[in-house]
Amino acid sequence: MAVKLPDLTHLAHPGREIATRVTPKASRDRIAEGEDGTLRVHVTAVPEDGKANEAVRKILAKSLGLAKTRLVLIRGQTSREKVFRIDD
């Protein structure tokens with residue numbers, strides 16, 4: 001069964017920074033928009049060796065309609081609060 005993700009293409013502008021709050025080891029992959037503008041990203045990956053970061057990047061890129069190589073993690077490598085930037 002395919003994961004239904006929200007359409008976030010309206011956020012896909014080069015240079016834009018996207019704040020996320022990550023929940024690793026979730027029961028399923030999903031994205032929810034918080035009231036404060038932060039995206040809540042739930043991934044099934046474990047927070048070891050960057051696996052959760054890569055899973056977040058992949059699911060976020062899919063929802064934004066971008067190649068995952070265009071998303072760069074600029075803050076929060078080891079934190080639940082992460083900020084990604086969209087590169088050109």
Please identify which of these residues, Val43, Asp29, Leu71, meets the side-chain contact (heavy atoms from CB on, under 4.5 Å) condition with Val56.
Val43
Exam field: side chain Asp7 to backbone Thr9, donor-acceptor pair closer than 3.5 Å
yes
Please lay out, stage by stage, how Arg16 and Leu11 fare under the test side chain to side chain contact (heavy atoms under 4.5 Å, CB included).
CA-CA 8 Å; Arg16 182 166 198 147; Leu11 300 176; 3.5 Å; yes
Mind listing the side-chain donor-acceptor pairs of residues 18-27 below 3.5 Å, one per line with the distance, residues two or more places apart or on another chain?
from  : atom 1 : to    : atom 2 : distance (Å)
Thr20 : OG1    : Lys82 : O      : 3.1
Arg21 : NH1    : Glu81 : OE2    : 2.3
Thr23 : OG1    : Arg80 : NH2    : 3.3

So how far is it from Arg30 CZ to Ser63 OG, rounded to the nearest 0.5 Å?
13.0 Å
What I'd like to find out is whether the side chain of Arg40 reaches to under 4.5 Å of the side chain of Ile31, using heavy atoms alone.
no
Determine the minimum heavy-atom distance between Ala45 and Ala52, stating which atoms define it.
CB-CA, 3.9 Å
Residues in salt bridge (charged side-chain N to carboxylate O under 4.0 Å, His left out) with Lys68, at least two apart?
Glu54
Using side chain to side chain contact (heavy atoms under 4.5 Å, CB included) as the criterion, list what pairs up with Gln77, not counting sequence neighbours.
Asn53, Leu73
At their closest point, which heavy atom of Leu64 faces which heavy atom of Leu8, and how far apart are they?
CD2-O, 3.1 Å
For Asp88, give me all partners under side-chain hydrogen bond (donor to acceptor under 3.5 Å, both in side chains), at least two apart in sequence or on another chain.
none
I'd like to check the side chain to side chain contact (heavy atoms under 4.5 Å, CB included) partners of Arg85; sequence neighbours left out, ordered by chain and number.
Glu17, Val72, Ile74, Asp87
